[in-house]
Amino acid sequence: MSVNGKRRLLSAAAVGLGALGAGELIAAARGGSVIDGVGRLAADTAPVPVVEATVAMSGRHDKEVTRAGVAVGAIAATAGIAALPERLRGPAVAAFGAGAAAAALRGSTRSTAGAFGGVAAAGILRAGLRRTPTGLGGGLLWAATGVGMLAAAETLVRREDRLHEERVRRVGPMGSHTPVPEDGFGTEPGLSPLITKAGRFYVADVNSRPPRIDPNQWRLSISGKVAHPLRLSLSDLADRAVEFDAVMVCVHNTAGSGRAGNARWLGVPLTELFDHAVPESGATRLITRAVDGYTISLPLAPLRSGEWPGYLVIGMNGEPLAPEHGFPARVFVPGLYGQYTGAKWLTGLELADETHVDYWVKRGWPREPMWINPHARIDVASCASSGSGKFTIAGVAWAPPQGVSAVEIRVDETDWTPVELGSELAPAAWRRWRTIADLPPGPHTIQARVTSRSGEVQEGTPRPPFPHGPSGFHAVTVTA
Ligand SMILES: Nc1nc2c(c(=O)[nH]1)N[C@H]1C(S)=C(S)[C@@H](COP(=O)(O)O)O[C@H]1N2
Ligand SMILES: [Mo]
């Protein structure tokens, strides 16, 4: 490509950035986002291998990576449009704007503000491409304006998020605030606390940003095949809620990763809701529906009998659920992977037959809820006293709902040796463990494994999350 050609593409990309920034700011001023609409479209339609690769690559930053990917894609597409013959550019820009608007208007997350921003961005793009800046200065001005407007849009969104967080806090405490019992380990530098604070708890869902739900307007409907449909407010639910401790684990939590957290939850046992609503004979499935259009359905029989103790959760660690963790309510069945445990940001519970197909099941994930594979994570592997080969090895392990009966480590794939366990908060919660290993000089690989109270020993063969959940030992290397 000629130097001029390259410069033209760069200028066009700068115009693209400017137009995107303007569209995003216009959308944000009305409480929406062009980028988030396209990001959600990508999350809803990407083939499973693409989703899996994105999650694996971006770790806990999948939302940021998706947003950045959308922005880079839009800018690259602008350069592509500029390379088209003049007569095709107008239709291409129009198609681009229509696509962004359609993405914003899709499904239950539809946003007219996002659509408006998309159309505005296309208009600005068309005007900008007609007179693509030729000099360096013109291009830089477009780009700088674009970056500035993206930053301004982000500021607006953050302000709305803060206002929402305040509204959530005003709901008041959700839980007894009785101190969490000590497990005997105190605070070990680097070792996960017994309870994960909301701000440190992993966040996983299909949205770019958490939906904002007004607690005063919100009602939970219990409908479908029930004798007594119900509509319950947050305070109706709070009156019947109990506390329980449990670990929540994402099905994408591969060996040693951080997509797991342990919390003290406040929730209404689902059995109690069923007692009031009275499922009819044709009801075999509980569908949990959310404002983001996500659904998870669970078999009714084990939930109704209490064999699977499920909860309608409204509090986490003494507070209302944080917006990103599903405020005002979510369903949680301890022991099931997050993807199968129930939806955040609930709108309703529907009792139904077997015909409904869930969000991820449409994309090829197994239909039936999946139980969490027991896992031991190594948080700490550090020299206990300098100059010696003594290493503190410590971490957390879980095997919900049965609980952890043993954790072992092995050095360089030799024999497994048991470690000391902290006392158990609850069988469904994670349990901390620790040991001192005396290591000869040189590099060593340390692995950990857990055994559940039902005798299930953690599977060591590495396996990716799709389709049956990840397995494999967490391993760390140290040099003594
Ligand atoms: N409405 C809704 N609920 C959802 C999801 C979602 O995308 N939308 N993701 C599920 C997944 S995959 C997980 S792992 C858990 C994560 O809950 P957390 O973000 O509070 O950790 O929420 C589940 N509930
Ligand atoms: Mo997940």
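As the structure lists them, so they are numbered: ligands from 1, and atoms in each ligand from 1. Source: prediction; values computed, not measured.
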Query raised in the report: Where is the tightest heavy-atom contact between Ala290 and Ala343, given as atom of each residue plus distance?
Result: CB-CB, 3.8 Å

**Report entry** For atom 2 (C) of ligand 1, the option (of Asp292, Asp205, Val249, Val55) bearing the nearest heavy atom
**Finding:** Asp292

Query raised in the report: For atom 23 (C) of ligand 1, what's the nearest protein heavy atom and its distance?
Result: Gly338 O, 3.3 Å

Query raised in the report: Does Arg363 use its side chain to pair, donor to acceptor, with the backbone of Asp44 at less than 3.5 Å?
Result: yes

Query raised in the report: Can you find a non-hydrogen atom of Gly342 under 4.0 Å from ligand 1?
Result: yes

Query raised in the report: Do you know which two heavy atoms are closest between Gly32 and Ser111, and how far apart they sit?
Result: CA-OG, 3.9 Å

Query - Subset of ligand 1 atoms that lie under 4.0 Å from at least one heavy atom of His325 - result: 18 (P), 19 (O), 20 (O), 21 (O)

Report task. Flag Trp360 as yes when one of its N or O atoms lies below 3.5 Å from any N or O atom of ligand 1, and as no otherwise. Result -> no

Requested in this report: Evaluate ring-ring contact (aromatic ring centres under 6.0 Å, His included) for Trp265 paired with Phe332, printing each intermediate quantity in order.
Outcome: CA-CA 9 Å; Trp265 309 90; Phe332 182 20; 5.1 Å; yes

Query raised in the report: Going by heavy atoms in the side chains, are Val51 and Trp360 under 4.5 Å from each other?
Result: yes

Query raised in the report: Is the closest side-chain donor-acceptor distance between Ser176 and Glu243 under 3.5 Å?
Result: yes

Query raised in the report: What do we get for Tyr202 next to ligand 1 when only non-hydrogen atoms under 4.0 Å count, side chain, backbone, both or neither?
Result: both

Query raised in the report: With a 4.5 Å limit on heavy-atom distance, are the side chains of Thr288 and Leu349 in contact?
Result: yes

Query - Residue part near ligand 1, for Ala290, under 4.0 Å between non-hydrogen atoms - result: side chain

**Report entry** Interfacing atoms of ligand 1 (cut-off 4.0 Å, heavy-atom, Cys250)
**Finding:** 14 (S)

Report task. State, to 0.1 Å, how close Gly190 and Val380 come at their nearest heavy-atom pair, and which atoms those are. Result -> C-CG2, 3.5 Å

Requested in this report: Using a 4.0 Å heavy-atom threshold (strictly under), name the region of Arg330 that reaches ligand 1: side chain, backbone, both or neither.
Outcome: side chain

**Report entry** Protein contact of atom 3 (N) of ligand 1 - nearest heavy atom, named by residue and atom, plus distance
**Finding:** Lys344 N, 2.9 Å

Query raised in the report: What part of Phe201, side chain, backbone, both or neither, has a heavy atom within less than 4.0 angstrom of ligand 1?
Result: side chain

Report task. Have a look at ligand 1 and work out which part of Arg259, if any, has a heavy atom under 4.0 Å from it: side chain, backbone, both or neither. Result -> neither

Requested in this report: Mark up the atoms of ligand 1 that fall under 4.0 Å of a heavy atom belonging to Met248, in ascending order.
Outcome: 17 (O)

**Report entry** Donor + acceptor pair across side chains of Asp358, Ser297 (<3.5 Å)
**Finding:** yes

**Report entry** Top protein contact for atom 9 (N) of ligand 1, by heavy-atom distance
**Finding:** Ala204 O, 3.3 Å

Query raised in the report: So, Asp379 versus Ser192: side-chain donor-acceptor pair below 3.5 Å or not?
Result: yes

Report summary line: Near Trp345 (heavy-atom distance under 4.0 Å), the atoms of ligand 1 are 1 (N), 2 (C), 8 (N)

